[in-house]
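Comments concern the structure below.
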Protein chains: 2
Amino acid sequence: MSSDAARKRKRRESGVETATGPVQDNSFARTPLYLALAHDLEGRIRDGRLPLGSLLPPEPDLAAEFGVSRHTLRQAIQRLRRLGLVSAKKGVGTTICEADASSARRFVSASRADLSEQAEGTDFTIFESASVRARGSLASELACRPGREWFTLKGTRSEIGADRPMALDEVYVDPRLAETLKAMNPIRQAIFRLVEEVTGERIAEIRQTIRPVILDRPTAEVLNAQAGEPALKITRAYFSPSGRLLELSYQTLPADRFAYTTVLRDVTA
Amino acid sequence: MSSDAARKRKRRESGVETATGPVQDNSFARTPLYLALAHDLEGRIRDGRLPLGSLLPPEPDLAAEFGVSRHTLRQAIQRLRRLGLVSAKKGVGTTICEADASSARRFVSASRADLSEQAEGTDFTIFESASVRARGSLASELACRPGREWFTLKGTRSEIGADRPMALDEVYVDPRLAETLKAMNPIRQAIFRLVEEVTGERIAEIRQTIRPVILDRPTAEVLNAQAGEPALKITRAYFSPSGRLLELSYQTLPADRFAYTTVLRDVTA
DNA sequence: GAGAATTTGTTCGTATGTATG
DNA sequence: CCATACATACGAACAAATTCT
């Protein structure tokens, strides 16, 4: 209809500016409107015009400002959400929670191996468990207040038919899980699933750090490996939506039995 | 309007069945329609009613079958895409490319550190470069046909003001990049960006493997570190959308200077 | 504490653009 | 060139969560 011409005009007029300076000219490829919007917003966030920690203007306002429909604006915001720049909450608004969508964020991993800990087909065999209170270095590494009580497990993880364990696991969980966990040995489920079941809280985020270490004698013995060999040490912290730490685990994986593989896919396409 | 009542009725009638058997009753929480749809489709994919490798029915057909708008159906499909179950292509259709949305896929990473290689604020200083033909072990590790020509770079990567390098990099790229790369030293850009610029091909996927190693003497010397220390060895393979290998890199990172951190977020929320 | 206002989430409808075969 | 199938974009309305009065 005639609204089409009006639309086109509006698009030219809409306040979408490319983020920084001259910029590559993608006009030949006709960037979709919502991507241009996302790019614009990203720029505003990066340079602080939309300050970190603050709320985005309401969607209807932003849509009006850009001269686009709310639907299109929401597509742009959804993209920023996927990139981890903002997080929206019903009834509240959209918070800016990251300032840099550095090129590193362009890729998103979605790999089966991402959480090897919960790989199906492995048995977790507990050989030690106890109740502990977080003190000193543990408390600080857990980023929790000292004195909080945890239930800790130590055990080996092995693939079903394997003769040697694949990893040594050390796990800290809510004390409420003690009974459940002691009752099942070996454990075939991902432990964080059990945490969700027992505590009723959903795990929304996992922070994972990978470091190289050299196997010390006691660890090597448990793993039936040679002391002095290289290994990966993976630390995982499991958080509830509100940011509360629900589980912490350390995993030691000898080099000859495990490599950590991820596939990163481009999400800009 | 009156269409509202009709809508509600339709919803009850729509062929959305929960995936498996009795199923948890979420009716009290009123699952959004598009999630129910996604769940239903996921079930059909898992049990083979929608066979792996085949195309989904066209969106308008599916929408009609479920008795929902195309928009809602697309929301469901978008979810399946994020989970990696299907992949859509304009003019062709939506292909089913995975049968299991196993729990491992629940989390998706989006981290600044994901591609430390390209972290801004690092300099890559080349100290060796050459043209090579892939043979033997290299060719096999590259998963490329032997005899293909590559341009290889060796260099150190350091943070801007640091006195010691952070990593030793070994990179294999298309020979067309030789001139460009030799002309710039140090390199501040991510190399895979340059690959995209020069070859005109987009990098759509990166396969990344992390292993622990022990620093040997020559490597330790270059890095100004101690031989025998633990380090991470990260291998990255960069692929075009069609699956052609465009770049391969090895990176060695001493434990005391680097830890690999990722944040995995729940995408089911 | 009830209720109004605000803000994001869901869902419909419709039209047009663009890539593929 | 045409038909097909996904992609983008408009508009409108109601639902649900939160906050403020």
Side-chain angles (χ1 to χ4, degrees), chain A residues 1-14 16 26 28-38 54-64 66-81 86-96 241-242 267-269, chain B residues 1-14 16 26-38 54-64 66-81 86-96 241-242 268-269:
Chain A
M1 300 298 182
S2 65
S3 72
D4 187 24
R7 203 67 48 68
K8 286 252 170 70
R9 208 178 336 108
K10 215 178 238 171
R11 175 165 185 177
R12 287 284 178 287
E13 287 161 8
S14 71
V16 182
N26 271 341
F28 72 99
R30 267 268 299 179
T31 311
L33 233 189
Y34 75 94
L35 281 182
L37 281 190
S54 68
L55 289 177
L56 234 52
E59 291 173 358
D61 296 8
L62 265 185
F66 284 120
V68 302
S69 70
R70 194 180 152 215
H71 180 64
T72 302
L73 177 82
R74 276 178 64 79
Q75 273 185 290
I77 290 179
Q78 199 190 7
R79 202 185 136 71
L80 298 183
R81 291 216 270 172
V86 303
S87 97
K89 208 171 172 191
K90 206 191 285 189
V92 182
T94 304
T95 313
I96 296 153
S242 66
V267 296
T268 60
Chain B
M1 305 296 178
S2 67
S3 71
D4 188 25
R7 202 68 46 69
K8 286 255 170 68
R9 207 179 337 107
K10 214 177 238 175
R11 174 163 189 181
R12 286 284 179 287
E13 289 162 5
S14 71
V16 182
N26 271 341
S27 55
F28 72 98
R30 269 266 301 177
T31 310
L33 236 189
Y34 75 95
L35 282 182
L37 282 191
S54 68
L55 289 176
L56 234 53
E59 290 175 357
D61 296 8
L62 265 185
F66 284 121
V68 302
S69 73
R70 198 178 147 215
H71 182 63
T72 301
L73 177 81
R74 276 178 63 79
Q75 274 184 291
I77 290 178
Q78 198 191 7
R79 202 184 134 72
L80 298 183
R81 292 215 268 174
V86 303
S87 97
K89 207 169 173 191
K90 208 189 288 190
V92 181
T94 305
T95 313
I96 297 152
S242 65
T268 62

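All chains are named by letter (A, B, ...) in the order of the sequence lines, taking the proteins before the strands, and each is independently numbered beginning at 1.
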Using atom [atom1] of [X] as one end and atom [atom2] of [N] as the other, report the distance to the nearest whole Å.
X	N	atom1	atom2	result
B:Tyr34	C:dT8	OH	C1'	12 Å
A:Phe66	D:dC10	CZ	C1'	17 Å
A:Ile96	C:dT7	CD1	C1'	15 Å
A:His71	C:dC12	NE2	P	13 Å
A:Arg79	D:dA7	CZ	C1'	15 Å
A:Leu62	C:dT8	CG	C1'	13 Å
A:Leu35	C:dT18	CG	C1'	15 Å
A:Leu33	C:dG17	CG	P	14 Å

_side-chain contact (heavy atoms from CB on, under 4.5 Å) partners for A:Gln75, two or more places apart_ =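 Checked A:Gln75 against side-chain contact (heavy atoms from CB on, under 4.5 Å); matches are A:Tyr34, A:His71.
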Under 3.5 Å between N/O atoms: give me all the protein pairs with nucleotides 2-6 of chain D, atom names plus distance.
unit_1	atom_1	unit_2	atom_2	d
D:dC6	OP1	B:Thr94	OG1	3.4
D:dC6	OP2	B:Glu59	N	2.8

_Going by side-chain hydrogen bond (donor to acceptor under 3.5 Å, both in side chains), name the residues that satisfy it together with A:Thr72, two or more places apart in sequence or in a different chain._
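In terms of side-chain hydrogen bond (donor to acceptor under 3.5 Å, both in side chains), with neighbours along the sequence ignored, A:Thr72 is linked to A:Ser69.
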*Between atom CD1 of B:Ile96 and atom CG of B:Leu55, what is the distance when rounded to the nearest 0.5 Å?*
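If I round to the nearest 0.5 Å, the distance is 7.5 Å.
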*asked:* Measuring from atom CD of B:Gln78 to atom CG of B:Leu73, what distance do you get when rounded to the nearest 0.5 angstrom?
replied: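 Between atom CD of B:Gln78 and atom CG of B:Leu73 there are 11.5 Å.
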*Of all the heavy-atom pairs spanning B:Ala88 and B:Thr94, show the shortest one and how long it is.*
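Looking at all heavy atoms of both residues, the closest pair is CB-OG1, 3.7 Å.
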*B:Arg79 vs B:Leu35, side chain to side chain contact (heavy atoms under 4.5 Å, CB included): CA-CA, chis, key distance, verdict*: CA-CA 8 Å; B:Arg79 202 184 134 72; B:Leu35 282 182; 3.4 Å; yes
